[in-house]
Structures are given as C-alpha cells and as structure tokens.
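Residue numbering restarts at 1 for every chain, and letters A, B, ... go by the order of the sequence lines. Nothing here was measured: the structure is a model prediction, and the numbers come from that model.
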Number of protein chains: 2
Amino acid sequence: MPNDHKMADGIFNKKVTSRVTMADVGRLAGVTQVTVSRALSHPDKVSKDTLRRIQDAIDATGFVPNAVAGALASKRSNLVSALIPSLTNVVYTSFMATFSDHLRQNGYQVLLSETGFNTASEDALIATHLSRRPDAMLLTGIHHSDKARKQLQGAGIPVVEIWDITDEPIDICVGFNHSAAGHAVAEYLKAKGHAFAATITADDERALRRQSAFAERFTVLSQNAVPDANTGGTASIGAGRAAMAHLIDHSDFRKGAVFCSSDLSAHGAIIELRARGFRVPQDIAIVGFGDQDFARDIDPALTTVAVDRLRLGHLAASSVLDKLMGQPIKSVHDLGFKILTRLSA
Amino acid sequence: MPNDHKMADGIFNKKVTSRVTMADVGRLAGVTQVTVSRALSHPDKVSKDTLRRIQDAIDATGFVPNAVAGALASKRSNLVSALIPSLTNVVYTSFMATFSDHLRQNGYQVLLSETGFNTASEDALIATHLSRRPDAMLLTGIHHSDKARKQLQGAGIPVVEIWDITDEPIDICVGFNHSAAGHAVAEYLKAKGHAFAATITADDERALRRQSAFAERFTVLSQNAVPDANTGGTASIGAGRAAMAHLIDHSDFRKGAVFCSSDLSAHGAIIELRARGFRVPQDIAIVGFGDQDFARDIDPALTTVAVDRLRLGHLAASSVLDKLMGQPIKSVHDLGFKILTRLSA
DNA sequence: ATCAAAAATGTATGCGCATACATTGCGCTG
DNA sequence: CAGCGCAATGTATGCGCATACATTTTTGAT
C-alpha cells in the first residue's frame, strides 16, 4: 500500500487513487527514492539490474513523475510560456506548431495563452505565466508595458519577442521590419504601373505600421492619396469583403491596387470584387500579407508578402534553447520578407 | 537581502535576480510567510492594515507568487490540460478560445498541446501533461488507447472528451453524433432532388465516420454509389481543390452534390469548380462542415453543417468546473447539429 | 469590568523531488 | 595484499508554499 491516508470518498469518483511517488516505486524495487530519481534522469548512473527492477516497479504501479515537485526542487520547470495575440489566427498558430515541436524535442513543454491584441490582458497573463516559473518566455511584438518589462527582467529568464524587430529588445527578438515591407509593396505596385492605391487594414499594431509606411511611400511616388478601409478587429474574409465594399461605395476608387494587411482580408476583397463584376487584377489588383497556405490556391492566385514562418519558429526556439544552455547568442534576428508575385497583382 | 546564495554568474545574464519569496515580503511588512499567503488567498482573514502593508511590500519587491510551490503544497495546480488535434485548425482553436476564457475567469490556466491526429503522440502527451498534475484534462474525440484510459483513470481528475459522444465516456463527453450528421446530409441532398453524390474527406476519424454514414444512407436512397476523394492529411482549400479536380478527372461525376468534411475543402472545391466553368449549385452542389466564419462570406454562400461551438466551449468548461466543485453532473451532452441552408446546396 | 467568542496572526509540518555529500563495495595496480 | 579510484547506492536537506492547529489580540455583550 503506497499511501495509507486515502480520503473518505463518496460514491462518485473523487481522488480515489493515491498517487504513486518515487518512494513507492523504490520500495517495490528494493531501492530508495533517490535511486529512482537517478534511474529516470541519469540512467547511466544506475546499474543495469536495478534499472530493470525500477522499470518493472514503474510499470506495475503506473507511476507518473510529479513534475511540480521536480520543478520546485530543481528550480527548472521545463516550461516555456508563450503569449500570442490570437489562437484562431493561423499566422500565429502555425508558428506555434513549429516552435512547440522544436522545444518539445528538447524536453520543454509550452504553456500557451492568447492575449487578444490587448496590453492590459497581456500584463495579467505575463504575471500568471511567470508564477509557473517558466524557464523562458515568448512574446508577440515588441511593445510591452513598463510593468511587463520590469517583471520579465526580474524573472531573469530568456525572453524572445517575435514578428518584429527593434534595436532594444528585452532580450532576443526575431522578426522583420514592417515599415520596410510597406515601402517595398508601394514600390512594387508603382513599378507595376499603378497610379492609384488603397489599403485594407485590421486593428493590429504591426499591420497599421505596414499600412502607414505603404501609404506614405505610395503617396510620394504617385502624388495620389491612399484611402484606407479599416476592418476593425481581426482580419477575416468577411471583414475583407466589407472593407472592399466600403472602399468602392464610399470613395471614387475604381481602378488601382489594394494592399491588404492579411491574406484573409485580401481573399475577401477578391470575392467582393468578383461578385461586383470587377476583374482582378485588370481592374483592381490585390496584394495580401502573410502567404498563408491558401494564397496559391485561390483564384486568382494571391500576390502576397511572405515571411519565412518556419524559419521564424526554428530561430525563436533555438535562440531560447541556446540561451538556456548558456551560449552567447545574437539578440536581433531580421528574417526579412519577400514579395511573392502571383496573379492577383 | 532575501537570498544570499547567488550563483557566480558570467558576464551574460544567467539567473542573477534572487527570487523574492513570501517570507521576504513578510519580513518587509512585519509579518510571517503565512500571513502573506493568507493575504493573497483569503484577504478577508487579514486585517485591513496588514493587508495594505503587505501590498506595499509586494509592490516594492516585485514579488510574483510561486505557483509551483503552491501546487505542490496544496495538491491543486489550477491547471487544466487540453489536447487538440491541430493548432492551426480554426475549428479546434476557436473552441479553445472559449474554453480557456471560461476557465481563466475561474482561476484556471490551460496547458494546451497539439496531438496531430496521432494516437501514439497523444499517449506521450497525456503522460507529459499528467506529470504537471493538472486538475482536469480535456481530450478531443472518444478514441483513446487503453494505456491512456488507464493513466487518466489513475490520475483521478475530471476528464472531458469533446467533439463526439459515446455511451461510455472516460468521464464526461460533450459533442454530437457524427453518423447522424452524415445521414442527415444524405437525406437533405436527396430531398433537394440530387440523384448523384460524392464526398471529399480528410484523414480524420470523425470525418470518415460522417462520410461513411453519408455514403451508406445516400446509396440506399438513390441506388447510386458515392465516390470519395480523400484529401489525405488535413483539410485545406488546396486539398479541396485537388480532391474536386480528382473527382472530375477520374470519375464520371459531373452533376450532383458533394459533401465535404470541412468548410475549408468545400471552399476549395467551389474554387476548382468555378475555375473549370461549372456552376455551383446548378451543376454541382456543395455542402461543407463546420460553419466556419467564412462560410457565409464566400460566393456562393456555403451550405454547411453547424455545431454550436460556443456552446461546446461553455459546456466543456462548465462541466469541468462543476466537477471540480464536486457537483454531480450529467456526463454525456449531445449538442446536436444543424444544416444551414445557404446558396451552395 | 469581565469573559467568551471571534478575529488576527503565528508555529509546525510536509508536499515529492533533486542535489550535495557520505558510504559501501569492488577491481586493479604495484 | 595494501591502497586507490570508481561505480553504485544511500542520507540529509530544502525548494516555497498551504494547511492544520496553537496562540494572541480584539470585540462586544452583559
């Protein structure tokens, strides 16, 4: 009998199963707790024979190590916490898949939460996450409250900021220059011969930065103002359609190019244009952002700005891992971006 | 000086910051550790005055409670772990957003991982997650290995299985009957006058169940075989296009209806059909699954099977919470489903 | 003013593990 | 065959907090 202090239980299953501990396993295998601990974390330091007996005991008892106790004792939680703006936006979640995978292979688990593009909730989440004593933390973007920066500094753990770059990262940042992307699209469209342009932008700080850089540059190049339709909230096909409709109904924009802050809204814009009988790109050209998987599959295939998300995931993960291993690492990684010319612009 | 055993650090920042503990905060506020603990978890049991002094001390020191130690001592981690097949599939992540939110409001944090539609990796993840001693666990689907069931039973925590129902849940399940959905769509399409039908299905156990129920029922009703194009892997617009192309190129299917296992592949199918000059729904009608946000926004608007995901999220969360509070609860929740008739079928 | 009850705080303890250090036994060199 | 070195295991301890219980202080009713 491992534990003898079972609670008095009702008929319904509460905590009936007395949790098995390393001591219980050891008792069964004829060794002490510390040998069981070693068998699990440093098997080379335990004899072949006891290793087998311990393994048998583990199987017999269904022992599951208590990582909570382990973390408290060792001061390493093997947790990496990650905060992303939205769980439902593939741009962020596809990154997370890569990132988690890479970390999992190195023994870390990812504690993921959604901030909702909201600084106040980010602050609260940072505190909650830090209370779990993660070994590292990943944040989206480079704008964080003073309170957040202070707490993170106090935690003394590696911090990676992604999707953007700055000369003064909290610790490490991996991303690209959003203004530069806006400028590049402006130049691309001007070079394609467009004299008029508009933008469709979601309420996202980075998207707004791309938009204003685009508008500023395109205005200089073409001497024409660049109307913007803000979708409010998050980008979606529906929001893109609505924004495109708004642009046509409330401005004299009938010919030119539209730079959308997301492939999703770009797709919506295309659907709206086609429904209204416009030709894409002959009447209105569309440029998206993000190179989501569907961008090449819609009709017409979407011209968009691509960032190497796979590389972003890998770099973010390996930066964290390197830092955790104590290796000095580069703290600002500029991934760059690429305009993928397809049919829509 | 809270801690006096700082490690010898290199030039680069390792763990320099000596972590502040409740004892440190207490010392500063002139009370003991336990009063600080109480101030945080049972503020009503601490006098107004000391409460204020403790708060000041917390602010001054930047104290962040150590939830790891708390969990070890109290045997409650305030963690709920959740395993979903894919982080990039909005169907699952939108559910998670609701679920996490609801739990967060009740003081729980969600530890989320992706299983990748893969039983082996699910087993491994279950063990890893259980090692963090979550207070409850959420799984997707009702098919789990014996080993997994055993471990979960041993953990003695509430377990919710979602997206499907069964008479023998591990503990609680919230979902709907996938076969019934397949049957309903078959009857719907037959009633609409279709004599021919095909399916486009992803490699997902539940999708396959809907598909086979659909095919079986439609065959009975129409006396015509139902060809299937498996997209392999996950549903996507690209996969839907390819599957639709395959269907047309490799069968004599030219007129009828197609039941897709996801709105995403349905959307792809529509794009492919239009690119080939087919009219939707006049030539070929399309039914999706999931009622994702874009379903109403594409052209033609997508007829699809809707499940109340919001309700799913709420029910899953509140079932867990109720069970954690010790309240006896219903263990099988059938959410049902609804065919939303729009333009595509 | 008195005393019991309630409020406020403190003391003692252990959760389950990792880690530093101590001990044992054994093969091997010279 | 003494003595050294290493492999294998054990002992002792504490991580930071929650909780049961003990003690002190305050309150209020008489």
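- Comparing D:dC15, C:dT9, D:dA18 against the side chain of A:Lys75 picks out D:dC15 as the nearest.
- Put simply, the side chain of A:Glu161 gets close to the backbone of A:Ile170: a donor and an acceptor are under 3.5 Å apart.
- Map B:Gly30 and A:Pro65 each onto its nearest nucleotide of DNA chain C; the residue landing nearer the 5' end is B:Gly30.
- Atom CG in B:Asp44 sits roughly 11 Å away from atom C1' in C:dA7 (whole-Å rounding).
- Here C:dC17 presents its P atom at 15 Å from NE2 of A:His42, a figure rounded to the nearest Å.
- Side-chain atoms of B:Val34 lie closest to D:dT19 of the nucleotides D:dT19, D:dC17, C:dA18.
- Dashed line: the shortest gap from a side-chain N or O of A:Thr32 to OP1 or OP2 of D:dG10 is under 4.0 Å.
- Taking atom CD of residue B:Gln33 and atom C1' of nucleotide C:dA12, one finds them 11 Å apart after rounding to whole Å.
- In summary, the side chains of B:Asp24 and B:Thr21 do present a donor paired with an acceptor at a separation below 3.5 Å, with no hydrogens or angles considered.
- Rounded to an integer number of Å, the gap from B:Leu72 CG to C:dT13 P is 18 Å.
- Looking at heavy atoms from C-beta onward, B:Ile162 lies out of side-chain contact with B:Phe99 at the 4.5 angstrom threshold.
- With distances taken from any side-chain atom of B:Arg38 to the nucleotides D:dT19, C:dT9, D:dG16, the minimum falls on C:dT9.
- If you check distances only, the side chain of A:Arg133 never reaches the base of D:dG16 with a donor-acceptor pair under 3.5 Å.
- Note: NZ (B:Lys48) to P (D:dT26) measures 19 Å, nearest angstrom.
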